Amino acid sequence: MTPLTSTVVRLKLSLLRNGLRQSGGRRAAYIASAVFTLLFAALQLLGLIALRGHAHADALVVLLVAVLGLGWAVMPLFFPGGDETLDPTRLVMLPLRPRPLVGALLAASLVGIGPLFTVLMLVGAVVAVAHGVAAYVVAVVAVALGLLVCVALARAVAAANVRLLTSRRGRDLAVLSGLVIAIGAQVVNFGAQRLGTTGLGQLDPVADVLRWLPPASAVGAVDSVSEGAYGAAAGQLVLCAGASAALVGVWARTLTRLMTSPDGSTLRSAGDGTRDRRSAAGWARLLPDGRTGTVMERGLRYVWRDPKTKAAWVTSLAIGLIVPVFNALQGTGSIYFACFAAGMLGIQMYNQFGQDTSAFWMVAMTISSPRDAYVELRARALALLVITLPYATLVTVVTTALLGDWPKLPEVLGLSLALLGAMLTTGAWTSARFPYSIPQEGYKNVAPGQTGLAWISIFGGMVSAALLCAPVIAATIWLNVSADGEAWTWVLLPVGAGYGTAITLLGLRLAAPRVAERLPEILAAVSKG
């Protein structure tokens, strides 16, 4: 090992060790995640070994390694702060040549839980398809090549996007992680159910293509040797080795450019700023005049510009659509799952003042009476409704169309509107009674010491919202079980809309005096982080 390589590896270990020394909570979280990850990898290893001899084991492991490689490619984009050594610009002022630095950073990349997890998965994959001495010899090479492709792919992607990912605007890309994870979990669930009913044979056509794409081609080479197809195995190994060399070459060229060129990724021309201002002025003109319009515009700008707020909205929008739609596609869903959209988006009304963080003091200076507090809360609720009302309606219509149960559309939509009103009501009250701070840096959504407040605010408010919806829920059940009730279920749409509006206005009226009285306490709570 060269001196530079050993130094960079020690630097990686020092960063990890010093990070764990910052707090006991961080140390406990890291250890718990490491134990869980390694336990999961060990169980996967045993499961893959148990697949030996299965007719379609090769198709499954090839697909698994392909997904593993995809994960290595996208993780640097979603979690750029997970590894400090992913940012080579930190070393730009040191007298280092890019090409020797590539080998050192590559060695440092092999230190961590991720590479160990990948090795265990690759070992399980090759053992599942290896038959014979020659196959096991090739398996050793395949594991090394597969790991090299994964690590080089992650490094090349991170280096190509490091200017974007380390900028404030670029960090917004991480909000897509909630969307991808939500969609990916449902896709995996949907695929697992399909495979459970139709068998692993459906994977063969996909695996036939993926076995020629690195890093899955490394496992494909082991399977080819087991089948006696030595020519195909050689070609697959060459493809994997060529991909490794190409990725390292791309990484080296990108690293050279990063180490020698100025950073202009965050600069925008004056023309772009003018277009943005004109666009903002266009939609802002649609909002009401006075304080209401100003507060609504501020709230909508938070949704678009603030990374934490945007992440919460993206996740809620995704899950609110995925749960009812995927269940409907699987044929096991209920039309009442459409209410999930209203429930997920209604959560955004909770902790309204915590979203402002320490900037809430500017809002607090404009609140001198319960009337001011009422207008502030009402405008925040209206900003939320601008997105929530059409979205909840769209999800309800799409779910109804997929299930073909159009007679129930009015009652489900009415129930969704009542639920949304209840969430706005409890959200306004808990925002005044249980505010908490949202840290701007990192991935935490609650400041230390305020976790209990967050749990009380969110889950206590959700339980209260369910109780507030009890009259509409009871009316829905009664009309569906009574003999002549189905002919009157359409009444639930205006009833739900009216009920939701009434309890929202009542909740805002009740919460406003509390906000006006507790302004100092609210300001102290939301500024803690």
Side-chain angles (χ1 to χ4, degrees), residues 178-199 202 313-348 384-424 462-463 465-501 503:
L179 178 62
V180 172
I181 292 173
I183 295 177
Q186 291 296 327
V187 169
V188 170
N189 180 40
F190 182 65
Q193 291 190 6
R194 290 290 301 274
L195 291 176
T197 57
T198 59
Q202 285 197 347
W313 273 94
V314 169
T315 303
S316 295
L317 289 169
I319 297 178
L321 176 65
I322 289 171
V323 169
V325 168
F326 269 70
N327 279 280
L329 290 174
Q330 294 176 30
T332 59
S334 167
I335 191 173
Y336 295 102
F337 281 0
C339 298
F340 208 82
M344 288 299 300
L345 296 181
I347 294 177
Q348 304 308 316
L384 188 144
L385 289 173
V386 167
I387 302 174
T388 304
L389 274 179
Y391 188 78
T393 303
L394 175 63
V395 172
T396 304
V397 172
V398 170
T399 306
T400 304
L402 292 175
L403 294 174
D405 199 359
W406 292 105
K408 288 189 176 295
L409 175 60
E411 64 179 274
V412 175
L413 186 55
L415 191 59
S416 294
L417 297 177
L419 175 61
L420 180 58
M423 298 291 285
L424 294 177
M462 292 172 65
V463 172
L467 295 176
L468 285 175
C469 281
V472 180
I473 296 174
T476 303
I477 296 174
W478 180 74
L479 288 176
N480 278 278
V481 299
S482 61
D484 300 327
E486 291 188 3
W488 293 94
T489 54
W490 64 269
V491 177
L492 293 172
L493 176 55
V495 168
Y499 183 79
T501 303
I503 61 174

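Quantities reported herein were computed from a predicted structural model and do not represent experimental measurements. Numbers for residues simply follow the sequence, beginning at 1.
- Shortest non-hydrogen contact noted between I503 and G500 is CG1-O, 3.4 Å.
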Review item, side-chain donor-acceptor pairs of residues 386-395, under 3.5 Å, at least two apart:
unit_1: T388; atom_1: OG1; unit_2: L384; atom_2: O; d: 2.8
unit_1: Y391; atom_1: OH; unit_2: L317; atom_2: O; d: 2.3
unit_1: T393; atom_1: OG1; unit_2: L389; atom_2: O; d: 2.8

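- For the residue pair L403 and S334, the shortest heavy atom distance occurs at CD1-C, 3.7 Å.
- Not counting sequence neighbours, the partners of L468 by the side chain to side chain contact (heavy atoms under 4.5 Å, CB included) test are A422, T425, T426.
- Remark: A475 pairs with L492 by the side chain to side chain contact (heavy atoms under 4.5 Å, CB included) rule, at least two apart or across chains.
- Sequence neighbours left out, not one pair with a member in residues 317-334 passes salt bridge (charged side-chain N to carboxylate O under 4.0 Å, His left out).
- Qualifying side-chain hydrogen bond (donor to acceptor under 3.5 Å, both in side chains) partners for S316, counting only residues two or more places apart in sequence or in other chains: Q348.
- Across every non-hydrogen atom of W488 and L479, the tightest pair is O-CD1, 3.8 Å.
- Here the closest non-hydrogen pair linking A466 and I473 is O-CD1, 4.4 Å.
- Counting all heavy atoms, side chain and backbone alike, T489 lies closest to P407 at OG1-O, 4.3 Å.
- Here the closest heavy-atom approach between residue G320 and residue F340 is recorded as CA-CD2, 4.3 Å.
- Contacts classified as salt bridge (charged side-chain N to carboxylate O under 4.0 Å, His left out) and involving residues 410-423 (residues at least two apart or in different chains) are given here: K408-E411.
- The shortest distance between side-chain heavy atoms of W406 and V397 falls below 4.5 Å.
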